[in-house]
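Structure first, then comments.
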Amino acid sequence: MSEERWVIHVPVVVPDLNRARIFARTATRALALLTTRIDAGEVTVSAEDAQGVRHRVFCDRRLTGGGRCTLPTDHIAPCARSALARHRRP
């Protein structure tokens, strides 16, 4: 039987989607330094009045050879693993 997982939702108010993604990436990277429990690929942001419409923060595509892309969702460079990757689940 797999371990039960709980998700923490912490509302942070920012003026637009771009700044919300930047803040979420920064917060995720900071938290990843403190714990290995961060699942960066599942980090999303949403408008306060449309919380059911979520926008991914990290790309999270599978990489050749294993692992996932840890770049922002809107990156134009080839997918890659960053320093954040060592703190993520496989």
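Index from 1, following the sequence.
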To the nearest 0.5 angstrom, please state how far the CG atom of L71 sits from the CZ atom of R61. 10.0 Å
Just verifying a value: how many Å separate N18 CG and D74 CG, rounded to the nearest 0.5 Å?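 Output value for this atom pair is 7.0 Å.
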side-chain contact (heavy atoms from CB on, under 4.5 Å) between R81 and L63, worked out: CA-CA 8 Å; R81 292 173 59 111; L63 298 172; 3.1 Å; yes
Salt bridge (charged side-chain N to carboxylate O under 4.0 Å, His left out) against R19, all qualifying residues, sequence neighbours excluded: D16
Inspect the contact between R37 and E42 and indicate whether a charged nitrogen and a carboxylate oxygen are less than 4.0 angstrom apart. no
With the 4.5 Å side-chain cut-off for hydrophobic clustering, are V43 and V14 part of the same group?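 In one cluster with V43: V14, no.
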Which pair of heavy atoms, one from A20 and one from V45, lies closest together, and at what distance? O-CG1, 3.7 Å
I need the minimum non-hydrogen distance between P11 and H9, along with the two atoms involved. CD-O, 3.6 Å
Check the pair R62 / C69 against side-chain contact (heavy atoms from CB on, under 4.5 Å), numbers first and verdict last. CA-CA 6 Å; R62 289 199 178 273; C69 179; over 6 Å; no
Can you list, pair by pair, the side-chain donor-acceptor contacts under 3.5 Å of residues 46-59, counting residues two or more places apart and other chains?
from: Q51; atom 1: NE2; to: E48; atom 2: O; distance (Å): 3.0
from: R54; atom 1: NE; to: Q51; atom 2: O; distance (Å): 3.4
from: R54; atom 1: NH1; to: T44; atom 2: OG1; distance (Å): 3.4
from: R56; atom 1: NH1; to: G41; atom 2: O; distance (Å): 2.4

